[in-house]
Structure formats: structure tokens, C-alpha cells
Amino acid sequence: MDPIRSEFVPDASLTREEMESLQREVAAAATWADVFDFDPGSIGAGGDLATDGDARQATLPPESPLPLVAGVDQAFLDDRAVSVVVVRRGDEIVERAHAVTDLEIPYIPGLLAFREGGPILAAFAELESEPDLVVFDGSGRIHYRQAGLATHIGVTLDVPSVGVAKGLLCGTPDDVVDGRPEGWRTPIRADDDVENAEPGETIGHALQSKQYDSRPIVNPIYVSPGHRVAVDTGTDLVERLCDGYKLPEPTRLADAYADEVKRNVASGG
DNA sequence: GCGACAG
DNA sequence: ATCTTGTCGC
């Protein structure tokens, strides 16, 4: 799978100003509404179709295959990035791709896509299948210019995408997020730190994807649209992909595969 | 000057 | 992100 929109490919040799300017163009090109073919109800739950009615199933195309959902993650080894993409159909892993790339710039909050975007696109270049949805490890719209990693790569590949971050980069939660029960969510709203959004606009959610009964010890995850997915839909999809764990299954699989490749690179080549 | 800051 | 053993019990 190769980049569709080459003009948006994150270039680590740009100046900081050029990077920020490109991010504004990426945000302007992004679509934050549902533009995808698959049935959201066919995501997660082990690939089972949702059955909360009964006359509805007959209207679904019987031959409609489950969507391809990809997880993306990276591991690091000195000045190299190990980037991986793991693609599933239901519970079955149908393809894995990886790339080992030299890192060109350090991590800078707000410019993550310029450090990790190139390596991630290198992994996608090795991928044969075309995912229906890609889950990224990082923010999408929850970003100073609404162009986080999930949005930037999603727009560059023109693929539906969502961002899942373990921490909040910017924006303001509607409610206190600590100690919430599993399944709870609250909007993340644009504040003065988000330069190209209406103040108060919902740009993502804090989602308590996992919690224990007696004592609250798990932090929420921060979900935001990347591209071609609406805010509510993105969080719904991610929630369905969290199969009893804090992180969605695609990212957990990608994380494990990245570690595996990293071990091999560290010892073998 | 101080604090905040995805991975 | 990464360096790391055991330990606790959700």
C-alpha cells in the first residue's frame, strides 16, 4: 500500500514552520465524517455481527466480507525505528508487514508524525492488502493543529483511521477523568491550544476502556478521529476493539509484533 | 521565568 | 519510546 497523496508525506527535513504549515494543510484535507464502506457493527466482538434487532440481518449482503482492520505500532533501537502493520479480518491475522528505518529527528510534542511518519509509510509500502480501517498509536484530531499522527498518515494514504493515545496531548475533558467505571467516556473539547477549531468543539473522547471493580487504578485512553471517521464513530469502533483490555486488539497485536521484530534485529541483523 | 507536552 | 524482577490479585 503506497501513499495516495504524496504532497502530504511527512518530511523530517522540513523546518519547524514548514512542518506546522503542512499540518494545517493536512487538517484542511482531512474528513471527520464517516466515509467508509464497512458496517461498524461488524467490527470487534470477535468479528461477530451485531444483533440488537432481528429483522435487520436479512438486509445485510450475505456475502459481505468482514472489514480489514490494521494496527500500527513502533519499537525503537538506538537511532532506528521498527515500524509494523498487522492486518486482521475478524479474529484472523491476514498480513503483517514491517520496516526498519533510520530516525532523522527527535521526538517533539506536536510533531510526532515527522519523526515516525516516514518509518510507518515504509512499513505500509511493504503491505499488500488495503485496510478498511487503521488504528494508530497516538493522536488524530486531538492535536494543536488537528493533524496528529493518525490524521497525517490517514490523509496521506487516504484510508479511514483513528488515533488511540495513552496520554492527552491537548484539549480539555468535559469531566474529571479519574476513577471512572469501564465503558465511561467524556468529550475532549478544543480549547485555546487548538488553533484551527471552534472553541468547545468536540475533537475526541477520553474512554475508560478498562477498569477494575473495587479500586480504580487504570487510566483512560484518548481516542480521536484520524481521517474519514466521525468523533463518535471512532470512539465506538475503538471501544468495540478493546476486548477486555485497555488497548484495542489491533494495537496490542502490532505492539507484540514490533517487539518480536525488534528482538530479531537486535540479535540477528 | 514556569508549567505542559502523543511516542 | 526505553532501561528492568518480582509482586500483587483488581
Side-chain angles (χ1 to χ4, degrees), chain A residues 10 12 16 19-20 23 26-27 71-85 100-121 123 134-154 161-173 177-183 188 190-195 203-226 234-235 238 244-248 251-252 254-263 265-266:
Chain A
R16 183 182 188 116
M19 290 178 177
E20 294 180 354
Q23 288 181 328
V26 166
V72 174
D73 195 27
Q74 304 199 98
F76 300 90
L77 200 54
D78 296 317
D79 271 16
R80 286 178 299 174
V82 175
S83 310
V84 310
V85 186
V100 181
T101 314
D102 289 327
L103 289 164
E104 300 177 43
I105 60 172
Y107 165 68
I108 301 167
L111 299 178
L112 180 65
F114 292 92
R115 171 176 167 85
E116 303 189 352
I120 289 172
L121 289 173
V134 181
V135 180
F136 286 94
D137 195 33
S139 290
R141 275 187 81 179
I142 297 179
H143 180 273
Y144 306 120
R145 290 162 291 280
Q146 295 194 89
L149 182 71
T151 302
H152 203 137
I153 306 304
S161 63
V162 293
V164 177
K166 294 183 274 312
L168 184 61
L169 176 62
C170 62
T172 306
V177 302
D178 303 304
R180 298 302 187 171
E182 192 167 308
I188 303 297
D191 54 24
D192 292 339
D193 291 341
V194 184
E195 66 171 48
I203 56 178
H205 287 103
L207 172 67
Q208 193 71 48
S209 52
K210 168 76 176 174
Q211 190 57 280
Y212 296 107
D213 296 326
S214 61
R215 191 177 11 152
I217 60 176
V218 185
N219 296 134
I221 57 177
Y222 297 90
V223 184
S224 58
T235 303
V238 168
Y245 295 91
K246 171 176 177 172
L247 295 175
T251 42
R252 300 184 70 245
D255 186 70
Y257 184 50
D259 281 343
E260 181 185 327
V261 175
K262 175 182 173 176
R263 287 198 306 270
V265 172

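Please read these numbers as outputs of a predicted model, since none were measured by experiment.
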Is it true that D137(A) and K166(A) make a salt bridge, defined as a side-chain N closer than 4.0 Å to a carboxylate O?
yes
Between V223(A) and I142(A), is there a side-chain heavy-atom distance shorter than 4.5 Å?
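No, every pair of side-chain atoms sits at 4.5 Å or beyond.
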Measuring only between side-chain heavy atoms, which start at C-beta, is S83(A) closer than 4.5 Å to Q74(A)?
yes
Could you tell me which residues satisfy ring pair (Phe, Tyr, Trp, His ring centres under 6.0 Å) with F114(A), sequence neighbours excluded, listed by chain and number?
H152(A)
Base, backbone or nothing for each nucleotide of nucleotides 2-10 of chain C, written B, S, -, heavy atoms under 4.0 angstrom, 5' to 3'?
SS------B
Separation of Y257(A) OH from D73(A) CG (nearest 0.5 Å):
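It is 13.0 Å, given to the nearest 0.5 Å.
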Rounded to the nearest 0.5 Å, what separation is found between the CD atom of E116(A) and the CG atom of L111(A)?
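Answer for the CD-CG pair, E116(A) versus L111(A), is 12.0 Å.
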Nucleotide range of DNA chain B contacted by chain A, 5' to 3', under 4.0 Å to a heavy atom?
dC5(B) to dG7(B)
Using a cut-off of 4.0 Å on non-hydrogen atoms, how would the nucleic acid contact of [X] be classed: base, sugar-phosphate, or nothing?
X: L111(A); result: base
X: G110(A); result: base
X: G167(A); result: sugar-phosphate
X: Y222(A); result: nothing

Under 3.5 Å, is there a donor on one side chain and an acceptor on the other for Q23(A) and R145(A)?
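Note: Q23(A) and R145(A) side chains meet the donor-acceptor criterion.
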F76(A) ring centre to R115(A) NZ or CZ under 6.0 Å, with the angle to the axis within 45°?
yes
